[in-house]
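Reminder, nothing fancy here: chain letters follow the sequence lines and each chain counts from 1. Quick caveat, the model's predicted, so the values are computed rather than measured.
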There are 2 protein chains.
Amino acid sequence: MRLSTKGRYGVHAMFDLAMHSGDAAIALKSVAQRENISEKYLEHLFANLKKAGLIHSVRGAQGGYRLARPPEEITLGDIIRVLEGPVAPAECKAEAGGNEDCHSSSSCAMRSIWCRIRDEINSILDNITLAEVVEEQRKRSGQGYMFHI
Amino acid sequence: MRLSTKGRYGVHAMFDLAMHSGDAAIALKSVAQRENISEKYLEHLFANLKKAGLIHSVRGAQGGYRLARPPEEITLGDIIRVLEGPVAPAECKAEAGGNEDCHSSSSCAMRSIWCRIRDEINSILDNITLAEVVEEQRKRSGQGYMFHI
DNA sequence: GATAAACCTAGCGGATTAGCAGGATTTTTC
DNA sequence: GAAAAATCCTGCTAATCCGCTAGGTTTATC
């Protein structure tokens with residue numbers, strides 16, 4: 001029940017784009033350096049984030065990446081679901097049709113429980129936007145205890 | 001961000017023990033059959049659950065397993081943490097000491113965010129007991145729509 | 001045209017997952 | 001006491017995923 005580095009790196013990278021957003025596009029290289037992520041690995045993640053429409057890219061020299069939407073409209077849930085697949089503790093097959101065969105005697109009760117858990121976790125992740133994280137970070141560095149907790 | 005079968009099977013098996021608890025110990029074999037889990041695989045899971053003190057075992061013929069505590073006192077969080085390891089989206093290293101080196105520029109703000117998420121997810125899982133699931137299941141089968149949603 | 005960047009495809013070592021095999025041990029039952 | 005029923009234990013394996021690297025192609029800027 002833990003994120004792989006995909007989700008973690010992805011969120012950090014998106015946060016980095018949000019922090020450094022301005023006129024110019026931001027090179028993958030600089031994100032990778034600041035966030036201490038393998039450049040080549042980050043390429044793959046950005047490819048997926050782009051395909052999912054969360055970021056835009058600019059090719060060629062002086063090119064780079066940009067958030068596709070303002071940070072207020074991008075949640076951690078958006079990012080994590082793209083990079084890690086659907087956030088669900090177990091398959092909530094019930095959604096699809098309804099009358100599927102329950103192989104295990106407990107699956108009926110459990111199914112609704114798993115769905116409940118899934119919804120609650122998604123709701124947590126969907127209620128944290130990049131903007132919030134940026135604000136949190138600005139607050140911290142403003143108060144002078146960046147790099148410490 | 002999904003459970004492996006370990007956690008899922010584990011919860012189902014524990015639920016099964018809760019459902020069928022009585023005087024006699026419950027054989028692994030019957031749990032495996034009812035919940036449609038490989039017997040040999042379930043052995044491993046039960047070994048861990050036993051080591052963690054969530055179940056007791058009775059050896060020999062007519063032996064089997066029993067919950068170590070009443071279903072009201074066993075949460076899904078208990079089970080999942082035993083079988084899947086700590087539930088945390090990312091390492092919350094901040095807990096340990098404090099002044100560790102932040103390798104990435106965003107880790108400070110993110111660290112507290114990850115911890116917040118971790119705590120909320122754990123709280124979800126710790127607020128669902130086996131007793132609740134059993135009650136849910138009884139309600140369902142009582143109302144005659146077992147095997148359907 | 002040189003350079004800087006995104007883009008693309010492929011592979012690879014290691015870890016984890018899900019499960020199987022085969023026995024050893026303990027207890028009950030006949 | 002023998003057989004059976006169960007837990008316990010150790011090790012193996014095929015498949016998959018993870019994190020990362022490699023090496024090139026395309027597109028834009030200077």
Asks: Say whether D126(B) and S123(B), considering side chains only, have a donor N or O and an acceptor N or O under 3.5 Å apart.
Replies: no
Asks: Atom NZ of K40(B) and atom P of dG23(C): how far apart are they, to the nearest Å?
Replies: 11 Å
Asks: Expressed as a whole number of angstroms, how long is the span from L17(B):CG to dT7(D):P?
Replies: 11 Å
Asks: According to a strict under-4.0 Å criterion, is T5(A) in side-chain N/O contact with OP1 or OP2 of dC18(D)?
Replies: no
Asks: Report yes if some heavy atom in the side chain of I128(B) is under 4.5 Å from a heavy atom in the side chain of R116(A); otherwise report no.
Replies: yes
Asks: Does some side-chain heavy atom of E84(B) sit less than 4.5 Å from a side-chain heavy atom of S4(B)?
Replies: yes
Asks: Evaluate the side-chain contact (heavy atoms from CB on, under 4.5 Å) criterion for residues L54(A) and R69(A): first the C-alpha distance (whole Å), next the side-chain angles of each, then the deciding distance (0.1 Å), finally the verdict.
Replies: CA-CA 7 Å; L54(A) 291 182; R69(A) 303 196 296 264; 3.8 Å; yes
Asks: Write down the distance between CG (N48(A)) and P (dA6(C)), rounded to a whole number of angstrom.
Replies: 16 Å
Asks: Would you say E72(A)'s side chain and T129(A)'s backbone share a donor-acceptor pair under 3.5 angstrom?
Replies: no
Asks: Base, sugar-phosphate, or nothing: which does Y65(B) touch, judged by heavy atoms less than 4.0 Å apart?
Replies: sugar-phosphate
Asks: With a 4.5 Å cut-off on side-chain heavy-atom distances among I, L, V, M, F, W and Y, is there a chain of contacts connecting I55(A) to V58(A)?
Replies: no
Asks: Are OP1 or OP2 of dG19(D) and a side-chain N or O of Y9(A) less than 4.0 angstrom apart?
Replies: no
Asks: Can a side chain N or O of K6(B) be found less than 4.0 Å away from OP1 or OP2 on dA18(C)?
Replies: no
Asks: Using atom OH of Y41(A) as one end and atom P of dC18(D) as the other, report the distance to the nearest whole Å.
Replies: 7 Å
Asks: Taking OP1 and OP2 of dA6(D), is either one under 4.0 Å from a side-chain nitrogen or oxygen of S57(B)?
Replies: no
Asks: Expressed in angstrom and rounded to an integer, what is the separation of R8(A) atom CZ from dG19(D) atom C1'?
Replies: 11 Å
Asks: Roughly, in whole Å, what's the span from CG in L49(A) to C1' in dC7(C)?
Replies: 15 Å
Asks: Check every strand shown and say whether K29(B) touches a base, only sugar-phosphate, or nothing at a heavy-atom separation below 4.0 Å.
Replies: nothing
Asks: Can you check whether V82(B)'s main-chain N or O pairs, donor with acceptor, with N48(B)'s side chain at less than 3.5 Å?
Replies: no
Asks: Between L45(A) (CG) and dT21(D) (P), how many Å, whole number?
Replies: 13 Å
Asks: I want to verify a distance call: between dG19(D), dC8(D), dT17(C), whose nearest atom is closest to the K50(B) side chain?
Replies: dC8(D)
Asks: Tabulated below should be each protein N or O lying under 3.5 Å from an N or O of nucleotides 10-12 of chain D; please produce it.
Replies:
| from | atom 1 | to | atom 2 | distance (Å) |
| --- | --- | --- | --- | --- |
| dG11(D) | O6 | H44(B) | NE2 | 3.4 |

Asks: Quick check on DNA chain D: between V58(A) and S38(A), whose nearest nucleotide comes earlier from the 5' end?
Replies: S38(A)
Asks: Please determine whether side-chain contact (heavy atoms from CB on, under 4.5 Å) holds for the pair L3(A) and W114(B), giving the CA-CA distance in whole Å, both sets of side-chain angles, and the decisive distance to 0.1 Å.
Replies: CA-CA 10 Å; L3(A) 248 42; W114(B) 291 132; 3.7 Å; yes
Asks: Compare all side-chain heavy atoms of V11(B) with those of I113(A) and state whether any distance is below 4.5 angstrom.
Replies: no
Asks: Grab the NE2-C1' distance between H56(B) and dC8(D) for me, whole Å please.
Replies: 16 Å
Asks: Strictly under 3.5 Å: I want the nitrogen or oxygen pairs between protein and nucleotides 27-30 of chain C, one per line.
Replies:
| from | atom 1 | to | atom 2 | distance (Å) |
| --- | --- | --- | --- | --- |
| dT27(C) | O2 | A61(B) | N | 3.3 |

Asks: I would like to know whether E135(A) and R138(A) meet salt bridge (Lys or Arg N to Asp or Glu O under 4.0 Å); could you show each step before the answer?
Replies: CA-CA 5 Å; E135(A) 195 189 353; R138(A) 295 243 158 91; over 6 Å; no
